[in-house]
Protein chains: 2
Amino acid sequence: MSVQERKVRERADRERLILVTARELAEQQGWDAVTTRQLAERIEYSQPVLYSHFRGKREIIGAIALEGAAELAAAVRAAVGAAKGPRARVTALAYAYLDFAAQNPAVYDAMFQLDGGLAFAQDETPEPLKDGFAALLETLGEVAGDDVDPGLFTELFWAALHGLATLTRSGRLLPQDTERRTQLLVDRLVGRDGLGSRGPRRS
Amino acid sequence: MSVQERKVRERADRERLILVTARELAEQQGWDAVTTRQLAERIEYSQPVLYSHFRGKREIIGAIALEGAAELAAAVRAAVGAAKGPRARVTALAYAYLDFAAQNPAVYDAMFQLDGGLAFAQDETPEPLKDGFAALLETLGEVAGDDVDPGLFTELFWAALHGLATLTRSGRLLPQDTERRTQLLVDRLVGRDGLGSRGPRRS
DNA sequence: CTCGATTGTCTAGCGGTGCTAGGGTTGCTG
DNA sequence: CAGCAACCCTAGCACCGCTAGACAATCGAG
């Protein structure tokens, strides 16, 4: 039976090779350069081999998106874990998120700009995506404020980060002001005390 | 010379026809369906005619993006004009923005998701894009707060709206909570008093 | 050990894409 | 009215995602 095991292992290896190569190519030359022909040539197999691992290009993108979600969640948790106090944790989360998007633009595209054929915000949503949101919720939930739904607050904060990430990446926002914008975001959405309260009402 | 004038007019008419048709097709069936062949057939000319008006498909997308920017600016100004008080104006702006994105998804895509070959955040940026940002700045600048740069605050608010718009459209956020998210956004970024102040520091 | 069956891979090709070269026809101009 | 210039279309290029079918290598049964 060892022969079969070897074959299974080799197949798994080749599937990893496909994903690693696709990701590499996308980061180097953009997703437009990731064609099935180019990808096949790089892995030194013919095109049909790709289709014995994935239904099509969409599914390759989707697989990389899932990888990315797991990595983003890990990066966020690592950054948050090293920070003391609610406000510091949120700040660390924001920087970790934006850094990830800036450092892995192709993967971020796979997650949010391209069609990877993944389901969102429903039951069939793959685990890594749910967990990615959970990683945000862990930190952001504690600063949502008393009468605010943590999930809703997390969605809003996430949307703001996503907007900053994408607009910056596409050249609509200048990168040099990223830090000031991030500080302002945390200031406003969380508050300076880090407890999500807003001070007394004035009117 | 009247013949030449007629020709110029006809050319301009045809260019409008191309843009109207492309936009219509994109809204009806998505940008994937906007191929040069399909578009040529709809305007009842052959493909090369398209290239006598635009350098390529990118430029068509770009032209529609500029139209969209002008319309978005107008929609925002109209909504803001009908509102009394800074906070009400910001709320109206937010809804107008999100409504525009939801009602004209293909145009919004042309503006922000697709490559229209346009320049951003620099001198060569086309006027409609600058004016679109200006429309946001007019209302948002007055609630930025004393020690906050109005431009920076506008960028942040815009990014949040953009994030909400795109994540909602792609199914990552559920539409039914849009109103609550928008209220929370305005509450946090502007403050309940509508003057951009945040209450006394607590720590 | 032989021989059929199964598995794996490749070549070749389909229908589509954006874009363009070159030939005609049309209609204006002197 | 003749000649010319402007205009538009047919045909085709190189590429895309994807797949059918031929071929080779490997496996398992007799």
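Not measured: the values here are computed from a predicted model. Within every chain, numbering begins at 1; the chains are lettered A, B, ... in the order of the sequence lines, protein sequences first and strands thereafter.
- Ranked by how close their nearest DNA chain D nucleotide is to the 5' end, Tyr45(B) and Thr35(A) are led by Tyr45(B).
- Rounded to whole Å, atom P of dG17(D) lies 15 Å from atom CD of Glu59(A).
- Atom CD of Gln38(B) and atom P of dC19(C) are 16 Å apart (whole Å).
- A straight line from CD1 of Ile43(B) to P of dC9(D) spans 9 Å, rounded to a whole angstrom.
- Looking at Arg180(A) and Asp187(A), no side-chain N of the basic residue comes within less than 4.0 Å of a carboxylate O on the acidic one, giving no salt bridge.
- With salt bridges taken as basic N to acidic carboxylate O contacts below 4.0 Å, none links Arg172(B) and Glu155(A).
- Nearest-nucleotide positions on DNA chain D for Gln47(B) and Glu44(B) put Glu44(B) closer to the 5' end.
- Atom CH2 in Trp31(B) sits about 11 Å away from atom P in dG18(C), given to the nearest Å.
- Between the P atom of dG17(D) and the CZ atom of Phe54(A) lies a distance of 15 Å, rounded to the nearest Å.
- Comment: Arg16(A) does not engage Asp13(A) in a salt bridge, judged by the lack of any side-chain N to carboxylate O separation of less than 4.0 angstrom.
- Lys57(B) has its NZ atom 4 Å from the P atom of dG18(C), to the nearest Å.
- Taking atom CG on Leu50(A) and atom P on dG17(D), their separation rounds to 10 Å, with Å as the unit.
- Annotation: of the two residues near DNA chain C, Gly56(B) and Arg14(A), the 5′-most nearest-nucleotide partner is Arg14(A).
- Salt bridge annotation for Glu71(B)-Arg23(B): present, with a cationic side-chain nitrogen under 4.0 angstrom from a carboxylate oxygen.
- Between Thr36(B) and dC19(C), a side-chain N or O to OP1/OP2 separation shorter than 4.0 Å is absent.
- Within the structure, every side-chain polar atom (N or O) of Ser46(A) is placed at least 4.0 Å from both OP1 and OP2 of dT9(C).
- By the 4.5 Å heavy-atom criterion applied to side chains, Arg11(B) and Ser52(B) are counted as neighbours.
- Closest to the side chain of Val49(B), out of dC16(D), dC9(D), dT17(C), is dC9(D).
- Distance Leu39(A) CG to dC15(D) C1': 16 Å, rounded to the nearest Å.
- For Arg37(B) against dG16(C), no side-chain N or O and base N or O form a donor-acceptor pair under 3.5 Å.
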